[in-house]
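Data block below; observations after.
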2 protein chains.
Amino acid sequence: MRPKNLEKEEAIRSIALQIIAEEGLENLSMQKLAKAANVSPRTIYIKYENKEDFLIKLFIDEVLGSYEKAVMEKFNPDMGFAEGVKKIWTNSFRYFKENRHYYVLMQYGKSSPLLNKAYQDRDIKEGDFFTPIHQFLQLHMKAGNIIKLPVAAYRAILFAPLFDLINEYFEHTTRPKQIITDKVLADSCEAVVNGLLV
Amino acid sequence: MRPKNLEKEEAIRSIALQIIAEEGLENLSMQKLAKAANVSPRTIYIKYENKEDFLIKLFIDEVLGSYEKAVMEKFNPDMGFAEGVKKIWTNSFRYFKENRHYYVLMQYGKSSPLLNKAYQDRDIKEGDFFTPIHQFLQLHMKAGNIIKLPVAAYRAILFAPLFDLINEYFEHTTRPKQIITDKVLADSCEAVVNGLLV
DNA sequence: CAAAAGTAAGTAAACATTCATTTACTTACT
DNA sequence: AGTAAGTAAATGAATGTTTACTTACTTTTG
């Protein structure tokens, strides 16, 4: 039996991310993708059921999955609060700096109903997607280290600014001066942490 | 001369927002829109040059423009820091609660390259889009009330969590219990403010 | 040679956009 | 007050193109 050519699978996924980042999800077509990945359209349909299936797998496995791995590196739920949050910030920043194309699809996950639904389904089926972070937050809440809020609010306060700053970082890569320096990032992280400490 | 039917123009825009919110920007087609708005496809092309022109105007005029108005209500740059930020939070929350469909296109503005570019162009051409907020932040920075950071970082820390919470609010409207209450919102707002105070 | 991987060349449906025409109203003249 | 000319608004049907997806065939391996 003829074995799968993994290079082709990889090409399909990475070129898709590139098109999405450059032209937007709304301009990604299967034919365009096949042509750009130097593959017949049918090849994509051997690997994925249909466009929806492809996009969901791209989003969940490729982007969310690899981000989760990267963000959890050297993180554990028993860390001190400031230290743990900082670790997540620096892991995330490094990850997206190295994988710029992933960032855009990640953002689409917050707007596109298709991807949003896929994310929620996955979250429900597998328990919380980022379980260690959830534990970490619960732990510090119960220990009385931080003010009492729903976990969703902790996530919003601690990590939403990070994504905004990463976006700002990318927008400045083409301009003469980068304003999102490591120091700005560290200071911002400290600020959101201080806001939650009791 | 036959007068313009403003209801039709309004229908086109509001139905477009509805389709985007329910099916995603990637599933909005001009023909589908025309049919749903009970209008001939040609009618849309009398009012807008092409699809791109339509989407950009929808995003800038309808969504960003009306949000800017709503968020600035009873806000002025001389307000105290905590008070000013709180005003923006409550204005924003009220606005999106009443205009749920606007929220999704707003989010697309952060992912779609087309809308993102339109936003930046507008921002550059007209000076900062939210000038009073910009002034407000500069003022408090110069007065030494808050830690020194680029304005982009203030915006990220102070307002990115708000959008996350609004999203969370919408996701809980269909569930038995709403976790994003006015109290959670107020406490979160206080937390992000406290993080920036010197 | 069995069998899955891969392909080139399709398909019908949906796409953005345009054409030729009709509609609805104002205005200027009776 | 009645009406016909003038005009922008609005349209339904059609344009050629692109879409997601398939069919019928070839290649590449164990």
Side-chain angles (χ1 to χ4, degrees), chain A residues 1-62 105 108 112-115 117-118, chain B residues 1-62 105 108 112-115 117-118:
Chain A
M1 173 172 91
R2 183 177 178 174
K4 270 192 197 181
N5 186 338
L6 290 174
E7 270 174 47
K8 289 197 169 149
E9 181 132 29
E10 176 49 31
I12 291 167
R13 286 176 175 238
S14 73
I15 301 241
L17 289 170
Q18 192 183 320
I19 293 176
I20 291 168
E22 281 163 14
E23 307 175 42
L25 183 56
E26 59 275 28
N27 287 308
L28 175 76
S29 85
M30 299 304 260
Q31 291 189 128
K32 196 193 266 180
L33 171 59
K35 194 172 242 178
N38 217 358
V39 139
S40 158
R42 186 69 178 80
T43 304
I44 305 176
Y45 284 92
I46 290 164
K47 298 165 193 296
Y48 306 95
E49 239 179 82
N50 50 40
K51 190 179 183 180
E52 203 171 303
D53 179 52
F54 171 64
L55 287 177
I56 289 175
K57 284 186 174 142
L58 189 70
F59 176 59
I60 298 282
D61 302 342
E62 190 87 0
L105 189 54
Y108 268 110
S112 159
L114 172 68
L115 300 182
K117 194 185 166 308
Chain B
M1 170 174 94
R2 184 176 179 176
K4 267 193 201 181
N5 186 340
L6 290 174
E7 271 173 45
K8 291 201 166 148
E9 181 129 29
E10 176 49 31
I12 292 167
R13 287 176 174 237
S14 71
I15 301 244
L17 290 169
Q18 193 184 322
I19 293 176
I20 292 168
E22 282 163 13
E23 306 176 43
L25 183 56
E26 59 275 29
N27 287 308
L28 175 76
S29 88
M30 298 304 259
Q31 295 193 104
K32 194 193 267 182
L33 170 59
K35 196 174 238 176
N38 216 359
V39 137
S40 159
R42 190 67 182 82
T43 304
I44 305 176
Y45 283 90
I46 290 162
K47 298 166 193 298
Y48 307 95
E49 238 179 83
N50 49 41
K51 190 178 183 181
E52 203 170 302
D53 179 50
F54 170 64
L55 287 176
I56 289 175
K57 284 186 175 144
L58 188 70
F59 176 59
I60 298 280
D61 302 342
E62 189 87 1
L105 189 54
Y108 268 110
S112 158
L114 172 68
L115 300 183
K117 195 185 166 305

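None of these values were measured; they are calculated from a predicted model.
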What is the separation between atom [atom1] on [X] and atom [atom2] on [N], rounded to the nearest whole Å?
X: E26(B); N: dT18(D); atom1: CD; atom2: C1'; answer: 17 Å
X: L6(A); N: dA5(C); atom1: CG; atom2: C1'; answer: 12 Å
X: N38(B); N: dA10(D); atom1: CG; atom2: C1'; answer: 13 Å
X: E49(A); N: dA20(D); atom1: CD; atom2: P; answer: 16 Å
X: K32(A); N: dT17(D); atom1: NZ; atom2: P; answer: 17 Å
X: R42(A); N: dT23(D); atom1: CZ; atom2: C1'; answer: 9 Å
X: M30(A); N: dT22(D); atom1: CE; atom2: P; answer: 11 Å

From the options [options], select the nucleotide whose nearest atom is closest to the side chain of [X].
X: K51(A); options: dA20(D), dT17(C), dG12(D); result: dA20(D)
X: Y45(B); options: dG6(C), dT18(C), dG10(C); result: dT18(C)
X: N5(B); options: dT7(C), dA10(D), dG12(D); result: dA10(D)
X: V39(B); options: dT11(D), dT18(C), dT19(D); result: dT11(D)
X: N50(B); options: dA20(D), dT7(C), dT17(C); result: dT17(C)

Look through every strand shown and name the nucleotide pairing with [N] as Watson-Crick or G-U wobble, where both distances are under 3.5 Å.
N: dT30(C); value: dA1(D)
N: dA14(C); value: dT17(D)
N: dT27(D); value: dA4(C)

Worksheet item: Counting just side-chain N and O atoms, does K8(B) come under 4.0 Å of either OP1 or OP2 of dT11(D)?
Response: yes
*With respect to the phosphate group of dT19(D), does any side-chain polar atom (N or O) of Q31(A) fall under 4.0 Å of OP1 or OP2?*
yes
When we call it a touch if two heavy atoms are under 4.0 Å apart, what does [X] touch: a base, just sugar-phosphate, or nothing?
X: S29(B); answer: sugar-phosphate
X: L28(A); answer: sugar-phosphate
X: I44(A); answer: nothing
X: K47(A); answer: sugar-phosphate

Between I19(B) and A36(B) the two heavy atoms that sit nearest each other are CD1-CB, 4.3 Å
Minimal heavy-atom distance between L33(B) and F54(B), with the atoms involved, is CD2-CE2, 3.6 Å
> If you draw a 6.0 Å radius around CD in E22(B), do more than 12 non-hydrogen atoms from other residues or ligands fall strictly inside?
Replying inline: yes
Practice item. Kindly indicate whether the side chain of S40(B) and the base of dG12(D) share any N or O donor-acceptor pair separated by less than 3.5 Å? Key: yes
Got P113(A) and K117(A) here, is their nearest side-chain heavy-atom distance under 4.5 Å?
no
The residue among I44(A), N5(A), I15(A) that forms side chain to side chain contact (heavy atoms under 4.5 Å, CB included) with V39(A) is I44(A)
ask   = Is the side chain of K32(A) donor-acceptor paired with the backbone N or O of N27(A) at a distance under 3.5 Å, no angle test?
value = yes
The residue, P41(A) or I46(A), whose nearest nucleotide of DNA chain C is more 5′ is I46(A)
